[in-house]
K.L.:
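First the structure, which I've put down as structure tokens, then a few questions once you've had a look.
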Amino acid sequence: MAKITFITSSEEEIVLEGDSGSVMELAVQNGVPGIDGDCGGVCSCATCHVHVIPEYTTKTGEASEIEKDMLELDDNADEYSRLSCQLEITEDLDGIILRVAK
Amino acid sequence: MQNQICVIIGASHGGVNLAFSLRREGWEGRILLIDADPSLPYHRPPLSKTFLTSGEEVEKFSLKPEEAYQKEKIDLLLGQVVLKIDKQLKQITLDNSEIISYDKLILATGARALIPSIKGINTAGIVFPLRTAKDVINIRSAINRAKNKKVVVIGGGYIGLEIAASLRKLEAEVTLLERDNRILSRVTSPELSTFFDGLHKSKGVHIHTSQEVVEIQQAQDENVIICKDGNRYFADVIIIGVGIVLNTELAEAAGLCINNGIVVNEYCQTSDEHIWAIGDCTNHFSPHYQRNIRLESVQNAVDQAKVTAKAINGKKEVYDAIPWFWSDQYDIKLQMVGLSDGYSEVLLRNESINKFSLWYFKGNELLAVHAVNNAKAYVLGTKAIKEHLSINKEKLVNSEFEIKEAITSAGTQSMVS
Ligand SMILES: Cc1cc2nc3c(=O)[nH]c(=O)nc-3n(C[C@H](O)[C@H](O)[C@H](O)COP(=O)(O)OP(=O)(O)OC[C@H]3O[C@@H](n4cnc5c(N)ncnc54)[C@H](O)[C@@H]3O)c2cc1C
Ligand code: FES
């Protein structure tokens, strides 16, 4: 079980728990505003963009090459950006905080 | 506005996104979302990809969880067909004879699978289209029952090819028949067709082009597929992927303007001011390409939904998105942006094996990019098309240069003419 906190663009904090699937799926299942997941999680749409709060980047690891490239579609992307459909939920993600991209 | 009602016909990528966007944009009235399909609305692209190969239930692919509809006060009416629209009375009629009045009506009726008129197609028991979750469940169980897992796919478009790739994963013996002289002929260049032809053949798919199926016969426990030139193919299961028929009958009977889809203006409004239409069933004018277009993609359904939700809430925004699309086959990810129709030149940029991009130009204008395992080309192509940037063609095809180095800023002429 991993506890994941989302901070939305209106500064609302949403705390969710999940044990499998992707972070995007968890967010969509619970209606986190700003995470749409239009392509269903295959790294094609970039509508699941989040910024990892810097202290948790060791937990989330690095984005793959295609993910990094796709992130460039969004002008607001930075070094902490991830596509949340590419973040698989495991115990390792327990406690992370993500800011939903604008 | 509180006692107004917005009725949406079709609860798929278009209709569902519209319902949620309406709330986000401030619609306070009732929202009624109706679909003939009894399943909780689901993603369609996985149907020919991961849903076909996995043993998962359709719920795994839901667009939104059931609670989300309740939370946003969106009334879902599933398993019910709308039979009629009366635009004078502003009413619709359901198949249980119920009549519902609307203030705003949105048609997100999409399309259904085209079943070609082939002799014997309706009497052979194991012929399946692939457009709905039910279709996939039927295909999965037919293949599980089949003795030899011998499948013939009729149609070499994206869906036909994705089905072929998925069935190979399920270890079926797959033959794909295409009527034209190359696969993907209606949607991409000969260069990309050649690549996918080679890819599928290397994975063991038997591809036969210039094969027009004229008859299907049932013989003992096999089916014989007979082509115009006399060739015969044998199958336990036949899957049809030859295109779609637009669900425009309701709109047509209601007297809305139809021309290769329901005609909508730049705000997705139909010829009736109280009726909008979005997604696969529509035909719209593209300011970017300066012509009318009809698209079959998630992007178009979702983006038109957003524009429509805004318009209904009095925030008019012109729909001028650059179309994009993807297709996943084996370990190949194809990403496309723009429309290549009418191109005069296509340039190939090779990165490495199975990683390249095709850039379509009309003179010096970049029309579209088709990228294979190459998200960078897709992303930079998207920006270049959107912003009308100039491209240095010589640098573009030379992979010693980064793609970025080949793209110059708007208005400045490329060094190479
Ligand atoms: C197998 C497959 C794979 C695909 N892969 C991709 C892909 O990789 N990428 C991509 O971008 N696109 C893909 N597409 C296309 C994409 O799914 C469609 O463009 C998209 O679903 C269009 O959404 P829509 O809401 O306009 O219409 P549809 O999805 O066609 O939905 C229309 C809905 O309206 C309902 N309806 C129609 N008439 C009535 C009526 N009278 N009463 C009640 N309900 C009615 C139907 O039951 C249906 O559920 C794929 C499609 C298929 C079938
Ligand atoms: S859901 Fe589409 S890229 Fe993540």
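Order of the sequence lines sets the chain letters (A, B, ...), proteins ahead of strands, with each chain counted from 1. Quantities reported herein were computed from a predicted structural model and do not represent experimental measurements.
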K.L.:
Show your reasoning for whether side chain to side chain contact (heavy atoms under 4.5 Å, CB included) applies to B:Lys383 and A:Asp75.
P.N.:
CA-CA 11 Å; B:Lys383 289 189 176 168; A:Asp75 290 334; 3.9 Å; yes
K.L.:
Angle between ring planes, B:His388 versus B:His288, binned at 30° and 60°: parallel, tilted or perpendicular?
P.N.:
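Judged by the thresholds at 30° and 60°, the geometry between B:His388 and B:His288 is parallel.
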K.L.:
Would you mind checking which part of B:Tyr378 comes under 4.5 Å of any heavy atom in chain A, side chain (CB onward), backbone (N, CA, C, O), both or neither?
P.N.:
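For B:Tyr378, the side chain is the part near chain A, not the backbone.
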K.L.:
Below 4.5 Å from any heavy atom of chain A, which atoms of B:Lys386 appear? Answer side chain, backbone, both or neither.
P.N.:
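Neither the backbone nor the side chain of B:Lys386 comes within 4.5 Å of chain A.
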K.L.:
Between A:Glu25 and chain B, with a heavy-atom cut-off of 4.5 Å, which part of the residue counts as in contact: side chain, backbone, both or neither?
P.N.:
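Only the side chain of A:Glu25 comes within 4.5 Å of chain B.
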K.L.:
Heavy-atom distance under 4.5 Å to chain A: side chain of B:Lys333, backbone, both or neither?
P.N.:
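Contact with chain A involves the side chain of B:Lys333 alone.
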K.L.:
Are B:Arg44 and B:Phe51 in a cation-pi contact, defined as NZ or CZ under 6.0 Å from the six-membered ring centre and within 45° of the axis?
P.N.:
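Not flagged: B:Arg44 not positioned over aromatic ring of B:Phe51.
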K.L.:
For B:Val302, is it the side chain, the backbone, both or neither that has a heavy atom under 4.5 Å from a heavy atom of chain A?
P.N.:
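B:Val302 touches chain A through side-chain heavy atoms alone.
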K.L.:
What residue, out of A:Gly31, A:Cys39, A:Pro33, has the most heavy-atom pairs lying under 4.5 Å from chain B?
P.N.:
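So the answer, after comparing A:Gly31, A:Cys39, A:Pro33, is A:Cys39.
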K.L.:
Using non-hydrogen atoms and a 4.5 Å limit, figure out which bit of B:Asn374 sits close to chain A: side chain, backbone, both or neither.
P.N.:
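Neither part.
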K.L.:
Distance alone, cut at 3.5 Å: any donor-acceptor contact between the side chains of B:Ser357 and B:His370?
P.N.:
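The criterion, which ignores hydrogens and geometry beyond distance, is not satisfied for B:His370 and B:Ser357.
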K.L.:
Tell me whether the guanidinium CZ or amine NZ of B:Lys203 lies under 6.0 angstrom from the six-membered ring centre of B:Tyr330 and within 45° of its axis.
P.N.:
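Checked: cation-pi criterion met.
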K.L.:
Under a 3.5 Å threshold, yes or no: a donor from one side chain and an acceptor from the other, between A:Ser81 and A:Glu79?
P.N.:
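Looking only at side-chain atoms, A:Glu79 and A:Ser81 do not form any donor-acceptor pair under 3.5 Å.
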